[in-house]
Structure formats: C-alpha cells, structure tokens
There are 4 protein chains.
Amino acid sequence: MRAIVYKGPFQVAVENVEDPKIEHPADVIVRLTSTAICGSDLHMYEGRTAAKPGIVFGHENLGIVQETGPGVVSIHQGDRVVMPFNVACGFCKNCVAGYTGFCLTVNPGFAGGAYGYVAMGPYRGGQAEYLRVPFADFNCLKLPPGQEHEDDFVLLADIFPTGYHGCELAGVTVGDSVAVYGAGPIGLMAAYSALLRGASKVFVVDRVPERLAKARDIGAIPVNFSEADPVAQIKEQTGGEGTDKGIDAVGYQAQARTGKGEAPATVLNSLVETVRATGMIGVPGLYVPSDPGGVDDAAKRGMLLVEVGKFFEKGQRMGMGQANVKRYNRQLRDMIIDGRAAPSFVVSHDVGLDQAPEAYDKFDKRIDGYTKVVLKPAA
Amino acid sequence: MRAIVYKGPFQVAVENVEDPKIEHPADVIVRLTSTAICGSDLHMYEGRTAAKPGIVFGHENLGIVQETGPGVVSIHQGDRVVMPFNVACGFCKNCVAGYTGFCLTVNPGFAGGAYGYVAMGPYRGGQAEYLRVPFADFNCLKLPPGQEHEDDFVLLADIFPTGYHGCELAGVTVGDSVAVYGAGPIGLMAAYSALLRGASKVFVVDRVPERLAKARDIGAIPVNFSEADPVAQIKEQTGGEGTDKGIDAVGYQAQARTGKGEAPATVLNSLVETVRATGMIGVPGLYVPSDPGGVDDAAKRGMLLVEVGKFFEKGQRMGMGQANVKRYNRQLRDMIIDGRAAPSFVVSHDVGLDQAPEAYDKFDKRIDGYTKVVLKPAA
Amino acid sequence: MRAIVYKGPFQVAVENVEDPKIEHPADVIVRLTSTAICGSDLHMYEGRTAAKPGIVFGHENLGIVQETGPGVVSIHQGDRVVMPFNVACGFCKNCVAGYTGFCLTVNPGFAGGAYGYVAMGPYRGGQAEYLRVPFADFNCLKLPPGQEHEDDFVLLADIFPTGYHGCELAGVTVGDSVAVYGAGPIGLMAAYSALLRGASKVFVVDRVPERLAKARDIGAIPVNFSEADPVAQIKEQTGGEGTDKGIDAVGYQAQARTGKGEAPATVLNSLVETVRATGMIGVPGLYVPSDPGGVDDAAKRGMLLVEVGKFFEKGQRMGMGQANVKRYNRQLRDMIIDGRAAPSFVVSHDVGLDQAPEAYDKFDKRIDGYTKVVLKPAA
Amino acid sequence: MRAIVYKGPFQVAVENVEDPKIEHPADVIVRLTSTAICGSDLHMYEGRTAAKPGIVFGHENLGIVQETGPGVVSIHQGDRVVMPFNVACGFCKNCVAGYTGFCLTVNPGFAGGAYGYVAMGPYRGGQAEYLRVPFADFNCLKLPPGQEHEDDFVLLADIFPTGYHGCELAGVTVGDSVAVYGAGPIGLMAAYSALLRGASKVFVVDRVPERLAKARDIGAIPVNFSEADPVAQIKEQTGGEGTDKGIDAVGYQAQARTGKGEAPATVLNSLVETVRATGMIGVPGLYVPSDPGGVDDAAKRGMLLVEVGKFFEKGQRMGMGQANVKRYNRQLRDMIIDGRAAPSFVVSHDVGLDQAPEAYDKFDKRIDGYTKVVLKPAA
C-alpha cells in the first residue's frame, strides 16, 4: 500500500510499504478515508526528535473497517470508525480509571501509546491507505455510515478532544471567564470547547491575525500579544481581576513576547498572572522532559523557571498532559451528529496522499494558509 | 491585657497592650484558652519577612466568647469557639465558592487574610489574653462546652485542616498510596488525614528520627531521606510504580538532600518523580513570591526550576495554597468529638504566656523536643 | 407603601402597608424596580395552602438599595441588586456547604426560608414598593447600574437558577441527551440551561402548543404528550435507548396523560422510563409532604406510588428540592452580562402594581398569554 | 466437573456437569478455590424467581487461571484472580463510563450481566470446580499468589464492593454521620466501608442481636429496631438532626417494624425520615420491577408508596442499583493487601462443595449462625 514515510529532516515521501495485517484476535484493519497532519508531527518532521527515517506518521485516523480479527465483538466490516490517537488496552489500571492516554499495556515501560509516533510504541501511523488498530472494540468509535461530517469526525481523533481536555483540566464550567493562550488548532478547539461548556467569556491570545480572526468568529475575544502585554489586556477586560480559568495551548516552543527566540515558560507564567486567585490552569500544550534544542541546559532537560511562589499565593491548580481521548470522543461525536458542534472550521486543506509532501512543507512553514490538513488516502 | 509582642529578629516579649474591643456589629471578643505557635510564625520571628516590631503573633486560636457585637446572631457569650487562621467574610465571590482562604473582603487588595500575620490584614494575633474576631458568625466554630479535647480542637485553627487540605488538593481517596514529604506538624497532619480518608499506604519522608517515629506511630511508613534517595525508596516499596498521590508539606525552605543549604524546588521535583503517571500532588507547604533570603535571584522572586517536561509526560495535576479551613473544620471537629481523630499527638508542649519567649526560642532551634507548642493564656 | 396583599382565595389587592425598616444591623431596604409573579404564588392565591389573608406575596425581587444597616459591608445605597428567593444566613452548616435553600438560621425549626411565602419564615414579600433584606451582604447580588437586562436579571431570583438546578441535580453535561417534562417557565429555563451546559439534544414535553413553540425556539425538541406517549416518542428519537438525563419541571400537580384529573406520580414514573440505565433525574418541580387537595389519602400525605423496582434495575439516581440560588446566580448573571444568556424570552408581561390583581387572575387562568409576569412597582 | 445445580425450590444438588471450555479468544477458564453463597442466591433457591432447574449458581468467584484464550493479554495460567459478579465487556458506552454493572454487550437487550443468575445472561455460575470467564483481561483482577487473605479477597467479587457502592451512592465522606439499615453481610460491608471512608459516626439498624454485635465490633453504633422506632433512636443520638447520609442494605423484602409480614417501602421511607435535609441516600439493597410474591398489586409490579413530598422538602438525593464492582475492586484489594481492611469478619463458614446443600438450607433458615458461607471446591 502507499504511505507517507519519513525520510529525514524536512523530508517525507509517498512510498509503497507492506500492507498491515491482523496480528492479534482483537485487531482490525481500517481502510483510511481521512487522516490529518498534526502539529506534533512537525516535531518529528523537523528532526527535533529521535524519530528514525522509515517511520510512517499519522495518529488522526478515520476510515472503514476492512477486516476484523476473530476476537472482535462489536466492530464489523464496513463500519465507519474514528480512532483516538492514543492506543489503549481498555483493561489496565489507568484505562479502567479513564486515563487512556496513559495505558500501561500497549507500550511496555511507558504510560501511553500512539500511532505513528516516536517512542509511543510499535504502532504504524495512518497517513497511508490502511491501518492496523489493536484492541479494536475499545479503540474504534463508530460513526454514522456515509460521508457526512467527515472533516468534523476526523478531528475526534485528537484535536477536538485535546482542546476539550484543556477545559477539563482547567475545570471550565458555566459562567467562567477563560484565557486560552495559542490560537493554533488546539487553542481554537480549547476556546470552542470552553464555549460549548458554557464559559461566559473566552479570551484567545496569539499574534497571527488570521488565527485571531477565527477566534473571533467562534465568539471568543481575540488578544494580540504583539500589541501589548496579554496579561494586562485581559485584566483590563475583567475588571482587573483576571480570568477564572486558563489554558496553555502553546507548550514549550513558546515564543518570547518581545525580542527573538523561544521562552519556554513564558506561557505558563503568563497564565499564573492571568488567572485569578483560586483559579485553575489546564495545559494540553506539549512540554517534554528532554529537548535537545532547548534554549539552555535546564530547558534541554525539560526544567523551566516557574512562578511557584505566585502560584502558591494565588492558590491555583494546574493539570497537564495528553488527552484521554476516549473519555470525550463519544460525547463530542454526538455533539457533531446533533448539529451542536462543527469543529471542522479549523481545517484549511483536504488533499490526496500525493500532495502530502507539499502539505508538510507548507504547513511547517505556515504559508499559503496551511493550518490544518486532512489527507484523503482514498481520493 | 498581656500579649506576645514581636520586638525584632529572634525576640518576642510578653507585654501589656490595649484590650481589643468590638469595632463592628459582627465582631466578638474571645478570651483565649489555647493559642498555638505555628511554624509559619517563625518566618516572622527570624526576621525573614517584612513584619515590623510591635506585631502580636497568633493565628491558631481557641477560647470563650466574652462579648458579642449587636449584629452577631448565632454566637453567644460563654460559647467555646475555635477560629480558622484565615479571616473571611463569608459573602464575597471566593468565600461563597468555599475559598475562604482567599477572601476578597477582609484584606483589601489581596486575596486572603489572617490574624497576627504580616501583610494579611489588620487583625491582631491571638497569642494574648483576648482576640477580636470579625464576621463572628462565619469565623467562629462552636465547640462542646468544657475543657475536653482542648489540644485537639486548637489544631482545628490551622494545622489539622491544613494537612487535610493537602489531601484534598491531591485527591487522596480510598486505596491510594500517598507520599508525604515532611514530617513536621503539617506533614504529620497530612499523613494522618490521608489515613482518615482511607489511603492504603502512606509514606512520610523526613530525616529527623523522632518525627519519623511519630509517622510510624500513626500507621505511616517512614522514609529517611538522609539514608538514601527517597524516590528510590518509595518506588522500591510500590513495585517500581511510585505512589498514586503526593503531598509537599515542606515548602520553599527545603533542604538539599546531600550537601548543604536550601534547595527550594527539591521537594516539588521529587514529588514529580515519586508520583506515578496520572497522579496528583497537593502542596500545603509554603512557597512565596518574594524571598529576600532565596538561594539565587530567581528564588528571591519565587521562581523555581521545575520539572515541567516530566510533569506533562506523566499527566499529573498539582494544587497549591493555603487551606480554606472553613471547608473542613466542622467535619474534623466532629471526628474529634466522635473519637475518630485525636490530632493532639503532635503537641509537644503546653505552656503559659510567660514561657512563650522561651518556647519560641527552643521551637525555632528545634531543641528539647519543641515541635508544637500550645500557649495557655488563662493559665 | 403600596403592596400586593392576599385577601383570600382568588383575591389579591393593592393596599397600603407599613414601610419596612432596618431591624438588624445586617439588613438593607431595597426599593423594588422589578418583582415577578411565580407559579408557586398561585398555590397560595388559589387557597390551596395555609396562607392567611394579609400576607404580601413576592419572592423574585430586584431593585435599588435605599438604606443599609450599620453592619452591612459590601452593599451601598444606590446599588442595583437582585435577591435569591431563598433567605439565607451564609454561616450555618447548610449555607457553608452551599445549601442555601436549606438555611438553618432564618426560619427556626425548618431548613429553608423565603420572602412572602407561607411557612417560609417572617419575611414579607417583595410585590410592593420596598423590601427588607436580611443578611444583606450574603443575600444581595450586585448588578451593573442602569436598566439594562432588567427582565433577564429579575429571573436570577428564582426561575433561571431553579431550571439550572434541575440540570445540576441531573448532572447534565456536554453531549448529554436530556428529557425535560414541563414547558412552563421552569421547564423552559431547565431546557435552556441544559443547552448552556452543552447538552447535545434536549426534549421538552408538554401539551400546550405555545409552550412547545418556545421550546423549539431555543433549540429544544418539542414532544406533545397529548399526541402520543412521550416515553415512546423520546425513545424513538434516541435509537430506543432513552435519554441520559431527565428533569421533572412539573411536580405533584401533574395532569394524567389520558383522561381527567391529576396523576401526581406520572411525571416521575415517566422519567424512570424515559431515562436510560445509569441515568440521573433532577426534580425542581414541587412535591409537598401535605396536600389537602391530593387525589387520594396517600397523596394527601405526600406519598406517591413510584416505580422503585425499575429505578433500581436501571441504576438511576435522583435529586429533588428547591434550588440553592446563591450557588448559581453569580455565574448566570455573568452569562447575561456577557451576552451568552437572555432568559427573559419567557417573560410575557411587564405591568405596574395596579395591574397585579388582573395579572394574577389571568396568569392563574392561563389566558391572554399570561405565562410570566414581572411587576414594576416604580412604574 | 462437579457443580451445585438448582433442582427446584429449596433444593440444590452436587452433580457432574460438562467442563467449561474456551469459547472465545478473550476467555479464560478458572479453577475455583473459593466461591461464596450470596443472599441473592436465596431468591432463586426459594423459587421466587423465574430460575429454571438446572442452573448452576455462583457469582462470587475466586480461583487460579487454568487456561487462557489466544486473545488474552494480561492474564496467564497460574494467576490467582477474583472476578466481579458483573460480567462486563469493558468497551461499551456504559463500561467506558465506569458503569460495568450495566454492560450493554454481555446480555443483549438488558443493561448488565452476571454469572449463575437468572436473566443475567448465559454465564454459568462458579459454585463448581471450574468457571469460564469472558473478556478475561477486563474481568479478572489479579491477586498476590498464595492462599493469604483468601476469604477477604473472595468478598471482592460482590459484597465488599457492593457495601462500598452504597457509600458511593450516598456520597459518604470524612466527618459524616451515616445510618445503615440492615446488618446482613451487605449492611455490615456498607458500615465497614463508611468507616474506611472516614465517617465520624455510623449507625446500623437491625433486630438480630448477633448482627448488631458485629456492627458494634467494627466501630458502628447498633440500633435495634425491635426495641423502638429506629428513626427516633438515631435522631436522639444526633441532636435531633438525623444523619448526613443513609444506606438501605435491606431492599424490598423489608419486614414491617411492628406486626407481621413485609413492608417493602419501610426502609426507604425510614431513610427519608432519618437523613437530614440536604442528605444523600444510597440503595444497594435490591428492589425488583416484578415481584410475584409482592404484598399487593403495586408491589408485584415493583411500585411502592414513597414519601416523595418529604424527600423533596428535604432536598435529598438518592441513588440505587447494583454495584459497578470493577470501579472499586482494585482499590479495595489494595486495602486488604496493605492490612487496612479485613472484611472476612462476616464469613461464618468455609465448607466443601459437598456440604453446599446443607449450607444452603441452613443459610436460608438463618440457623446455626450461617450468615456468609464460602465454598471451597478444591477442598
């Protein structure tokens, strides 16, 4: 079959690879109809991880079940399904507790697995024609047959639940004011989720006018940090108090507000300032324990200078980490089916596999409006 | 009346001060029968804060109501009452939400007030014969008449709820394994609370044998960090997994495990290592936004190098800040009355006001077994 | 001052009564600008309660502070405020736990008090020019100055939070399907709140076409129970499964679906059937322990035949009781201010005090479109 | 193999039946070492259900894995395991949400399955030498090897988690007063769990002195309802207030307090009276939608006269239904391993399979101290 193969920094190619096959009775094979490129794929693409050439990317996968293992009970050939980016077993201590992003079974020695991602286990990615899905009864979420909502549903694999997870970690609830840092796909999904949960006022901080415009379109209040200190801007619009909740959808590659280069703790510390005493902060934006490209020795080891004293004084709480997609994807799917949510407004491009190399290049350079690309392997 | 007055670094004196009086219809005056010295009083005593000579210390107060303002409804002369260390109004946004440690009324411009503490508002401390209690209906917790459980009840003002708050922030529940760093009064109260909440296994980390012995007495597992890396010791006793939850009862004056001096983030980072993926960390131990005695420039501004990358990778959550005593003190009082809790095992000394200067000196030096002192102004 | 006085069954009059005055340091006097007639006022109006002639009705009150007692701290003359229908002290065991609808202080011997309501304590109602508000710091919620949103804000006194409380008791959350029985003001507020909380699909059951049309207008799915069994209608639209959650906004005066007369348990039992296994049911609709007009002896004592066996088999949960308005009114106020909620769509008439007798008559008879009347004492 | 076979009302026999075998890749076969007789087995034994002769009873099962299907991942031959009485798939909507007692997969057309129980699916019971366990990775909880704690661990299959579930439904937390009606095995486990969760005061209501003595032994306060109205007794011991929480561990076969015969709603209604306003009630005691032996026509259809008016007035909440054992069994297992819980104090008899008929007879008659019998098939 054809697949997107990583060839080295800034290089992917469409190549023929071996077809996946049923390896365990609980597996299914899915013929992919939509598979999105994620911002986190770019970390590997740029060569800033230990990913070796040869890896097939792709953890945002939707398609039609082609074949089922003899142990599969609830999923059948022809079913249209979307899979969480986290591979999970469904029965370990963490999965049973709902922490499917930290499965103890699928990636031995580590809590959590994923498709097509370095160090996340032996699961080939889905930017290809077919995908093997392990523990299929647990990992496949059934969708209505047909093609409707295809670009909404594919976002159930990762970014819609990931944005929602930010709200969950921050405890966003009815009447809350919320500050979301970052207006990329995750930040927009976090802001969108906050509004779905009944937030009264959602600020979105970024400096890219197009992104801020999208934030405004969904009912959020854009805050351009290149114009003035975002903390001050938000405090001014909240009677000096700051927001009830905050979400970091940027992560460790945050840009310094003024001057050049990365300032990896700037968003975290801005949130400590932005959020009022007793508030909560959710962090779906990625921080890593080892970053060879870190700005200093500490950052290289994932250690950042955090305003702990202020955090204590304000009695705040903070939660981090990748989303447990399985906790939310069914409910968010129903929101899409019932016409209450349509997250595909973030999708900028639908392209065939053949255009993937170009799409990676442009997405990585953030040019020509490439903000969220969905590949269509069947096209 | 007589009161303990701060005279300057390492100096307190018993002096005559003006009697407190009703200043507002909701005030009461309490004649103190027990008032404890807190570890946090030592920060002021040592001159490491902005506290000016003349301040009367004391935020752990219990006594008999002497006089009531005309607006007081539920509290009467002769009632035996204990007051949370936090002064709170009961009706601001934060108090109504249960965050009485972050009252927006009592200390204008800041979230939170307390008796006898620098920068915590105009409330004279209770290490004296009498205390004015504002918003008395809200701030007084009634106790059974008599003298029974006096040293248990006085701990309801601060350290028992504060230890309990650590468990609340960490979400300690039935069957959890818990690591508590610090076996001072707060750490012991945290471990004790964890067991009351049904934790299956509670580790307590310290290096003082007497403290560790107390931890063992209440059913916890002592871990002496001077013997070996406490993270390794705890992982060894949890099948390599680490604990479900962790509590920092040390704060920013943490000692480096090896070598000399303070290592202000060492406990926080040890907890990130100790607690397993998906776990929660509660931090009742104090961190401050400004510490003139900090080990470096960052520490002086309350900024510490935290293992953010690891924290994210493990999907942990963390909550900090002073306890909202009012949320817990009624329930914990009932545990004492019903014979299910007896926290006074941490009290080392009951002394009269006259011995307060000596008690401060010895408590500060941690000599002669001074670990928790209760003053008896009426004695 | 002028006030609406109950004269006997089906009779109210505008009369002069004594002006209220400060009786306690924590009181304020409010000059009313809006005060709504509640469906529960009709129980008294119809003579189906023990209410004696002379009582002044009115528990949905909004106005301008005219005078403050010497103990009031946060409320000032000229402030625009709305009061929860529940009178609460703010410091009793129940208030501190957030159960302000069950205050133990304000109505001795009973849990809960209210303005202008039989057996709910000595608090005169607000369908008048002035109102005394006890424990004013706790009971007054400040509003922005001016007249904006007047008819939205007045609903913060009762029906908006009461509808929201139904959702809270039922645990309505993102992606839920919800069945609301009753499309009167409370039912509409419950459905509206469910959508604010992110429900994916909200059914509203009634038989009055105008009410069902309002339900449809806000995005709910109307179900006319006079056309067919509502349980069957809802199951048909949920794949045979029933809804995740259910809300009873009808109460004990439920009409039998077929035939004539009251069937006091019919809504409760329909909800047990409508809601799927593991679901939750919230009941803001009123049930009473003593109903002289009950359909049989058991009903007269508030005892109803409930499908307990089915309830157990389905593993459902149910919560009942009047709303703790204070828990929600601040957040819902902010939703109004920020343009995210506008509950006044349920208000049918704004009239002066003089028209109150006519409004009572028409509202009681449900004629001329009287569904929710707001009196304007200052008009 | 040998198994306990139901022959008809009041008759079971030890007979040879076909050995179970792997029927699906996710199955395992367990060689039973302990399998308890449950009070709910007696409903079938007495012929009060639709159970047909030939059924093999037994849903409280513990043993050693004998054989594993090719799809089983985490369970191996020789593992010592205990199974929840509920058979669950682990991946349906309800299982993923933690409601494993209401699995939608294992018993098509019904929410929930169990071993050896009428209408709970095609799963043979474990009062036998061997048991087939479906979805073994999900349904087997691993235990430490050996024989230690055997009679504690076997209670993890049902009654310990079921008693705990009562506390969960009632929201029992630190400092609560709790009333448990029924001092049979479930009631004792509920009281025991309440104390583990930090309840300050637990009342246990029954009339059998031996049962009440056991309640006292574990630290609860016995209340003999044959001596005086239990509501009055409990109110007297709670300052007239009643308890914070209540648990019904009796169910529909409740005996009238005075006079003869069953009064199926008496415990429910006593709890509404016993529990204070704002309180919660958990009901693990069984209620059925169809009871041919019901005391009247309504009872035969599972409809009972409930004090709905009082329930509303007090703003209470109530949850019912069978336990989701999987939610609690891991944590409770750890409590046993760590020496913090030892529920086997309720076990009265350990006997071989051959004595099962005698044990059924005596347990059913409640003679010779038969309160909880554990069969030892390997003995």
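A note on names: the letters A, B, ... follow the listed sequences, proteins ahead of strands, and every chain is numbered from 1.
Within residues 286-301 of chain C, the residues that have a heavy atom under 4.5 Å from a heavy atom of chain D are Leu286(C), Tyr287(C), Val288(C), Pro289(C), Ala298(C), listed by number.
Atom CZ of residue Phe312(D) and atom CG of residue Asp248(C) lie 9.0 Å apart, to the nearest 0.5 angstrom. In this structure, NZ on Lys310(D) lies 11.0 Å from CE on Met303(C), to the nearest 0.5 angstrom.
Looking at Asp244(C), the atoms closer than 4.5 Å to chain D (heavy atoms on both sides) all sit in the side chain, from C-beta outward. For chain D, the nearby part of Gln316(C) is the backbone; its heavy atoms alone come within less than 4.5 Å. Within the 4.5 angstrom heavy-atom criterion, only side-chain atoms of Asn269(C), from C-beta onward, approach chain D. At a 4.5 Å heavy-atom cutoff, the contact between Phe102(D) and chain C is made by side-chain atoms alone. Heavy-atom distances place no part of Pro264(C) under 4.5 Å from chain D, backbone and side chain included.
Put simply, the side chain of Glu241(C) reaches to within 4.5 Å of the side chain of Lys93(D), judged on heavy atoms. In this structure, Asn94(C) and Arg276(D) have side chains that are in contact, with non-hydrogen atoms separated by less than 4.5 Å.
Of all the listed residues (Lys314(D), Glu307(D), Met318(D), Met280(D)), the one sharing the greatest number of non-hydrogen pairs under 4.5 Å with chain C is Met318(D).
Atom CD of Glu46(D) has more than 12 neighbouring heavy atoms from other residues, nucleotides or ligands inside a 6.0 Å radius.
When all heavy atoms of Val308(D) and Val306(C) are compared, the closest pair comes out as CG2-CG2, 3.7 Å. Residues Phe311(C) and Met320(D) come closest through the heavy atom pair CD2-SD, 3.3 Å.
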